[in-house]
Protein chains: 2
Amino acid sequence: MMIRIICFFAKICNRLHIKGDGEEIMATIRDVAKLAGVSVATVSRVLNKNGYVNNKTEEKVLKAIAQLNYEPNAVARGLAGKQTGTIALILPDIANPFFPEMARGVEDVAQAYGYTVILCNSDDQGHKEKSYIEMLKKKYIDGIIFASNTLGQADVEQMRRNNIPLVVLDRAPTRQLCSVIRSQNYEGARLAVRHLLEMGCRKIAHIYGPQELITAKKRLLGYEESVKHFPWYTPSLMVPGHFRVDGGLRAVKELFEKHPDIDGIFCGNDLMAIGALKGLYQLGVRVPEDVALIGFDGIGLTEITQPELSTVAQPIYEMGSLAAKVLIETIETGVTEPRLYELEVALVARDSTKRRTEA
Amino acid sequence: MMIRIICFFAKICNRLHIKGDGEEIMATIRDVAKLAGVSVATVSRVLNKNGYVNNKTEEKVLKAIAQLNYEPNAVARGLAGKQTGTIALILPDIANPFFPEMARGVEDVAQAYGYTVILCNSDDQGHKEKSYIEMLKKKYIDGIIFASNTLGQADVEQMRRNNIPLVVLDRAPTRQLCSVIRSQNYEGARLAVRHLLEMGCRKIAHIYGPQELITAKKRLLGYEESVKHFPWYTPSLMVPGHFRVDGGLRAVKELFEKHPDIDGIFCGNDLMAIGALKGLYQLGVRVPEDVALIGFDGIGLTEITQPELSTVAQPIYEMGSLAAKVLIETIETGVTEPRLYELEVALVARDSTKRRTEA
DNA sequence: GGGACAAATGAAACCGGTTACATATGAATG
DNA sequence: CATTCATATGTAACCGGTTTCATTTGTCCC
């Protein structure tokens, strides 16, 4: 009984926007309607600028909104409209230096369009991705940007059935079920090798990334196609480095055991190039005097090494921002027609590939 | 009329979980209730494990849930319960190498507790922060981790009024209104200077960060307190570097114009140390032979320079994961009692401070 | 004058959950 | 035996929006 009375008072207080401890009570659309002397439907029409509303009425409503400091509740909107203004970015690991810039690109665009970004680290593990997707589905996420590597055909189809727009970064377009954004990995690799050749290299090795990744594969292919007709070419010039710094370091040592006469190395990504640089330093091999070194990706780290690393730069930020743009467009227009965007890469020649003494 | 009939059929189809294009229809709690032959309240009780439910009944409900592949709708839950299982991480810029690791710490813990993380880049601009906070409030965010620098006293109080739990990283505890996590900046600075002295330095400069930041201020103070009693000490040994790579590079050149006899530099963060290293290389000054160099933060980049950089490492990942833990605890227990966590820093001695020839 | 149609508005259903309250049963207690 | 209490369940209100549909009014045209 006592409790009932208390509850009753609490309700009165809520309605009057009074609270003992100074806590703010959010006004609801019904409060606005009451104050403006109209129905909630009309307020909703004013808010969403749809349907017919008389000018005078609109003014009254706007005044009430201002007076109550009213902000529509996004969760209620989400429930009613099944759109939450939230997108998810699933990537392997935000701590991998490749991704922060991309994430920034995504977030900037999302923010500009009034969307919010949920960050998910998959560690490239299928079960983590799945559990994220489950959770995101429950939360009525509007769309997903997928920069992780273990997304399967089945997953894409499932997303499609669930009507969740999807944009994928750097994946093979397996029967092109969703929009894909990637860059010219093959062409970039050829660019890198050509650059090394132009700088006077006579025997070029390649440190490659995980071949499950389409990017790593394409880059390896680009290398192979560029050098296979040279007499010095041999498969043992290609060594795995797992896209990691330590992998690059180890790979370079392995290379120099087999081929001490290498004078150029093309690394499948910048992290491995950094590792390679370290390894070469430990071996007492000078860069670029003895060996020219070039990476791939164009991450910021390439500017802080000594010497600065040449690289084939992808437009990382743009990949993120474009992904967000494409996704939001898909969300808002509802058009699902998948597209493929292939972005250009650019050779960034720095000290690590400076021309050695003219031959 | 025709439309009405179509709608009617659509509803029937919905109820029967049939859809023409293979699109999946999510079952609702009412579907489960109907199938199990109980009320929605009972289903809800089973889901939330609260209230009394008979074992037999529970089984029936669970079976129905499994049969329908039912997943409770998080948005509806959020609306009803005012908890969305979402926290926000507001930081200046995820592309700044300091933050990805912290973000990873936050996300890992959040994920473990079933929470989702929204990423916000404030660029340290007050208006961006405010607009984020507005948006987050509307979305019934459960709590915020604030690693940005422009959070004012007023904002904290407003959050409090709005009942949004808050954990702040690296901020001064201005009348301790929320939990704060920081590390021993002052002590770390003293550690750095002592290390340089032990390594034989006789004249140590300091490149400092923006003095609006409590962290930068404390580190500067630590430097000053450690060296002010030396005869060689003079204020012009302290030069600003804005916590940025280019700032460190410029600062080091400025320093060497005024004090060519410097033999040790303590940088207020690692980015500036990287810039300083670059600057010293350009000046032809050898590290560590001519000048010993140490940074602060312990970001990964310090391991890829040549020579590797000594630094005072903060437990960056732990700062993030602890922040998430504290925040989620606050959210779930509702206890608002603010606490201060000061984490220990550790000296990481690498090649950039290797002892020069014994005096 | 009456039908068609655009403009304006409100009542009520709906989105999919949670929960306060009412009710019913059976066991334990005085 | 009446009372109390733990167990079990359902009804309906509620969270705060959107949207369908009905209704009213006014204008235009034949």
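Naming: A, B, ... by sequence-line order, numbering from 1 per chain. Computation of the quantities below employed the complete heavy-atom set of this structure, encompassing side-chain atoms and omitting hydrogens, waters and symmetry-equivalent molecules. None of these values were measured; they are calculated from a predicted model.
B:K60 has its NZ atom 13 Å from the P atom of D:dA8, to the nearest Å. Going from atom NZ of B:K82 over to atom C1' of C:dT19 covers 13 Å, rounded to whole Å. What separates CD of B:E58 from P of D:dA8 is a distance of 10 Å, to the nearest Å. Note: CG (A:D31) to P (D:dG16) measures 9 Å, nearest angstrom. Summarising the geometry, the separation between NZ on A:K34 and P on D:dG16 is reported as 13 Å, rounded to the nearest angstrom. At whole-Å resolution of the value, NZ in B:K139 and C1' in D:dG17 are 15 Å apart. We find that CD of A:Q83 is positioned 17 Å from P of D:dG17, with the value rounded to whole Å. Going from atom NZ of A:K56 over to atom P of C:dA7 covers 19 Å, rounded to whole Å.
Residue A:T42 is classed as a sugar-phosphate contact, given heavy-atom separations below 4.0 Å to backbone atoms only. Counting any heavy atom pair closer than 4.0 Å across all strands shown, A:V38 reaches sugar-phosphate atoms only and no base atom. Contacts of B:V75 with the nucleic acid, taken as non-hydrogen atoms under 4.0 Å apart, are absent.
Checked against C:dT9, C:dG17, C:dC15, the side chain of A:R45 finds its nearest nucleotide in C:dT9. Closest approach to the A:Y140 side chain among C:dC15, D:dC15, D:dT9 is made by C:dC15 (side chain taken as heavy atoms from C-beta onward). Of the listed nucleotides (C:dT9, D:dG16, C:dT18), C:dT18 has the atom at the smallest distance from the side chain of B:I29. Ranking C:dG17, C:dA20, D:dT18 by closeness to the A:V40 side chain, first place goes to D:dT18. With C:dT19, C:dG17, D:dG17 as the candidates, the nucleotide lying closest to the side chain of B:N73 is C:dG17. Minimum atom distance to the side chain of A:L79 is reached by C:dG16, of the listed C:dG16, D:dT11, D:dT19. Taking only side-chain atoms of A:A76, from C-beta outward, the nucleotide of C:dA8, C:dG16, D:dG16 with the closest atom is D:dG16.
Along DNA chain D, the nucleotide closest to B:N55 and the one closest to A:L47 are compared, and the more 5′ of them pairs with B:N55.
Between A:S39 and C:dT9 there is no side-chain N or O to OP1 or OP2 distance below 4.0 Å. OP1 or OP2 of C:dA8 has not a single side-chain nitrogen or oxygen of A:T57 nearer than 4.0 Å. Dashed line: the shortest gap from a side-chain N or O of B:R77 to OP1 or OP2 of C:dT18 is under 4.0 Å. Applying the 4.0 Å criterion to OP1 and OP2 of D:dT18, one finds that A:N48 has a side-chain N or O inside that range. The phosphate of D:dG26 has neither OP1 nor OP2 within less than 4.0 Å of any side-chain N or O from A:Y52.
Here the closest non-hydrogen pair linking B:L136 and B:I90 is CD1-CD1, 4.2 Å.
Between B:F146 and B:I133, some side-chain heavy-atom pair lies under the 4.5 Å cut-off. Looking at heavy atoms from C-beta onward, A:E71 lies out of side-chain contact with B:K137 at the 4.5 angstrom threshold.
Side chains of B:T86 and A:K139: a donor on one and an acceptor on the other come within 3.5 Å.
Residue side chain B:R30 reaches the base of C:dG17 through a donor-acceptor N/O pair under 3.5 Å, judged by distance alone.
Residue B:N162 holds its CG atom at 6.0 Å from CE of A:M26, rounded to the nearest 0.5 Å.
A distance-only check finds a donor-acceptor pair linking the side chain of A:D142 to the backbone of A:G85 [under 3.5 Å].
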